[in-house]
S.K.: 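Dropping the structure in here first, questions after.
Keep in mind the model is a prediction, meaning the values are calculated, not measured. Below, chains carry the letters A, B, ... as their sequence lines are ordered, and counting in each starts from 1.
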Amino acid sequence: MTDHNSERHSQNSSSGGSRRQFLEQVSAAGGISALGMAGLLAGCAGKSGSSNTSGTNGGPKKLKAAFSNAGLQSSWCMLGKQTAELWGELLNVDITWFDGEFDPEKQRNKIDQVAQQKFDFCCFQAIQSDILAPPVKRLKQRKIPVISIDTHLVEPEKMKETGVWSFVTADQSGMAESSVQYLAEKIGGKGKVIHIGGHSGHSGAQGRAAGYESVMSKYPEVETVGGGVRWCDWKKEKARDTFESMLTSETTPIAGAFFHSDDMALACIPAVEGTIHKNMVIVGVDGQREGLDSIKAGELDATTVNPVCRLHSLALLIGQFIVRNEEKIEDLPLQITASSPFVSTETPSMLEAMYYLADPKHCLV
Amino acid sequence: MTQTTDDKSTSPVIIAKLKQMKANEIAPFISLAVLVAFFSIVVEDFLSFNTVTSVLTQGSVLAIAAVGMTFVLLCAEIDLSIGMVALLSACVCGELYERWSAGLPPETELRGISLVMCMIAPLLMAGILGLASGFFTVSARLPSFIITLAMMNIADGLARYITESQLHKVPPALNSLGNDAFSIGEMTGNESFNDLFIPYSALLAAVVMIVGWLMLQYTRFGRYIYMTGGNREAARLAGIRTGLIVTSCLAICAFTAGLAGLLNGGRLNGVTVDQNKDLLLNAVACVVLGGTSLFGGEGSMGRTLVGVVTFTVLSVGLTNVEVPQMENFDLLRPFLMGIVLLAALLINGYLAKRSKTT
């Protein structure tokens with residue numbers, strides 16, 4: 001189990017300079033180093049003496065950044081916003097937020113407006129690949145750097161020509177692998193397992209499904225109930241209905257269940273009580289406050305943190321470095337992967353650490 | 001012996017009743033019977049108490065929302081806000097519960113009048129929103145479609161603002177109402193019923209449906225709803241205050257939506273702002289599947305019950321259908337749901353047309 005306790009460290013896709021390595025370390029260490037980085041920045045600014053780095057009070061010049069993620073009705077996205085605002089204050093960056101409202105058209109309209117306004121850099125989590133490409137091209141013409149968060153704005157090979165400087169993401173497949181590996185080991189590598197998926201068109205959900213398949217392919221005695229993943233579009237009601245129907249259709253105890261999100265898992269846990277499946281091992285992905293609470297209460301067995309704070313703070317840090325150090329698009333790696341800690345009922349110290357790191361007052365994971 | 005006599009006397013009555021029923025009244029039952037027969041063939045053990053329990057559990061929230069929607073559709077209006085009113089109601093409940101619980105000593109549960117108020121206040125608020133929708137619909141002489149569209153956004157925005165998009169817990173009583181069930185086997189001591197569980201949520205839905213049915217069938221208010229929906233001008237000339245009827249129906253609809261939202265929050269162990277997104281369309285589909293007209297004046301609570309059961313059987317059945325030979329069959333489920341719904345609605349529509357011409 002100790003393997004799960006250690007965080008999977010990030011791997012960049014291109015060659016790294018010392019600052020790039022430093023950025024990776026920031027993400028891997030839960031962003032704690034970034035606190036010090038705010039101070040470092042000031043020093044850095046002082047040394048360079050560039051117009052972008054000198055504020056009126058001698059500190060770094062105030063920057064203006066536009067942020068948008070999928071939709072603030074999601075607690076994950078809301079925490080991303082809180083992270084950007086908290087770290088923006090520390091780094092002297094004014095954040096203007098454009099809520100995607102989980103609607104590709106609305107997000108596109110808002111980013112079209114962003115493309116007409118004055119910002120130093122932008123960080124976007126596109127609801128759908130390619131929909132933001134035209135305004136991002138306009139931002140490129142206006143020399144405004146764009147950093148993509150969590151989902152690809154455009155295909156990787158088109159990133160630089162479109163104007164996406166770098167892609168900050170978590171390892172979706174790896175997150176699922178951590179949780180599913182734990183599940184497979186806990187059930188002794190055999191038995192029936194329910195696999196409840198997010199949205200079939202979402203790259204994150206596809207990655208998680210691939211992670212599940214990759215682990216379970218090593219356990220031939222594990223049978224996925226219903227023959228494969230059941231896509232529930234991240235909807236708790238749909239997940240609960242599907243899960244309940246599967247529970248009632250099985251006459252022998254189901255060994256475990258893997259959910260693409262803790263939210264869906266938490267909505268389904270009550271359905272297990274009082275049934276022959278009550279001892280099943282339930283694991284999820286996301287590791288936000290509710291999931292941690294559920295692990296602490298012994299309801300959810302394990303989760304892997306989808307590091308929303310790391311993704312948003314890392315995008316912010318990179319954006320302000322680009323502007324303040326006057327970096328070039330070729331200097332940045334195509335992709336930076338943030339690490340995702342694994343938490344289970346058997347890792348109380350990690351659970352305790354996550355409570356601190358995930359606290360909205362700190363926004364560190 | 002007595003049983004046989006009863007059977008002999010009741011069978012002709014049932015047959016006579018069936019003969020009296022028009023084709024459009026029988027159509028929803030035919031759709032339901034065809035679905036049950038189909039899933040009995042393609043899904044192993046579909047005809048079981050487990051399936052009944054699943055249908056009861058999954059249909060309860062929908063049934064409560066559909067009751068209110070029936071009132072609104074019967075008077076030829078529509079309420080687009082029910083999903084968001086349900087959400088707001090649950091969010092207010094969660095916010096009140098967490099706020100009032102925060103002031104208590106650790107390990108102490110909220111109880112008494114405060115706990116009751118956590119659940120009553122959101123329902124009252126939902127009712128007031130419905131009254132407001134009705135008032136503006138009638139006074140501005142605008143379609144309820146537009147007014148409730150605005151109300152939908154108002155409720156959505158308020159829900160997001162109140163919860164700050166964070167998960168809120170709801171009172172344990174609601175969790176219990178949404179998740180607990182009693183075993184008929186244990187209650188009757190008959191082991192063959194051990195797999196049959198009646199969820200508390202289904203009991204609540206049944207109570208709401210019975211109250212709705214009594215109101216529609218046995219009260220003056222119910223008759224006025226049919227008259228208002230059938231021909232509003234004639235109803236007005238007959239002395240019925242049609243504006244008041246419309247306002248009342250929208251208030252009832254919002255109230256039941258609020259109740260459905262609370263129950264759903266309890267079932268899902270808390271409330272987040274992504275809940276109840278499908279409630280509106282599913283509730284309308286249930287009511288129309290049951291044979292209630294979208295143009296008012298025609299329908300009943302019994303039909304809505306049949307619609308809810310049909311919709312839920314379809315949902316439960318499709319979830320359990322497995323085609324191992326087809327990779328990615330799961331992605332076809334919404335398509336199949338759409339096809340079956342379309343077929344059922346077309347059959348209902350055809351039979352309704354036929355019964356009117358004969």
S.K.: Determine, stepwise, if the pair E237(A) / K277(B) fulfils side-chain contact (heavy atoms from CB on, under 4.5 Å).
M.R.: CA-CA 9 Å; E237(A) 289 99 327; K277(B) 297 284 181 203; over 6 Å; no
S.K.: Is it true that a side-chain atom of E244(A) and a backbone atom of S54(B) form a donor plus acceptor pair closer than 3.5 Å?
M.R.: no
S.K.: Measure distances from V321(B) to the heavy atoms of chain A and classify the residue's part below 4.5 Å as side chain, backbone, both or neither.
M.R.: backbone
S.K.: Go through the atoms of K236(A) and report whether side chain, backbone, both or neither lie under 4.5 Å from a heavy atom of chain B.
M.R.: both
S.K.: I'd like to know which of L318(B), T51(B), D278(B) tops the heavy-atom pair count under 4.5 Å against chain A.
M.R.: D278(B)
S.K.: Please classify the contact of E322(B) with chain A as side chain, backbone, both or neither, using a heavy-atom distance under 4.5 Å.
M.R.: side chain
S.K.: Between S245(A) and Q58(B), does a side chain to side chain donor-acceptor pair (under 3.5 Å) hold up when you go through it step by step?
M.R.: CA-CA 9 Å; S245(A) 296; Q58(B) 295 180 25; 3.1 Å; yes
S.K.: Could you tell me whether the side chains of N179(B) and E273(A) share a donor-acceptor contact shorter than 3.5 Å?
M.R.: no
S.K.: Counting heavy-atom pairs closer than 4.5 Å to chain A, which one of N175(B), N276(B), V61(B), D180(B) comes out on top?
M.R.: N276(B)
S.K.: Which distance, rounded to the nearest 0.5 Å, do you find between the OG of S249(A) and the CG of N50(B)?
M.R.: 8.5 Å
S.K.: List the atom of D330(B), the atom of W231(A), and the distance in Å for their closest heavy-atom pair.
M.R.: OD2-N, 2.6 Å
S.K.: Could you report the tightest heavy-atom contact between E164(B) and M78(A), atom names first, then the distance?
M.R.: O-CG, 3.5 Å
S.K.: Need one label for T242(A): side chain, backbone, both or neither, based on atoms under 4.5 Å from any heavy atom in chain B.
M.R.: both
S.K.: Tell me the closest heavy-atom pair linking R240(A) and R267(B), and the distance in Å.
M.R.: NH1-O, 2.6 Å
S.K.: Could you state the interatomic distance from CG (L266(A)) to OG1 (T272(B)), rounded to the nearest 0.5 Å?
M.R.: 10.0 Å
S.K.: For D99(A), which atoms come within 4.5 Å of any heavy atom of chain B: side chain, backbone, both, or neither?
M.R.: side chain
S.K.: Answer with side chain, backbone, both or neither: which region of E290(A) has an atom nearer than 4.5 Å to a non-hydrogen atom of chain B?
M.R.: side chain
S.K.: Could you check which of T319(B), D156(B), T53(B) has the highest count of heavy-atom pairs closer than 4.5 Å to chain A?
M.R.: T319(B)
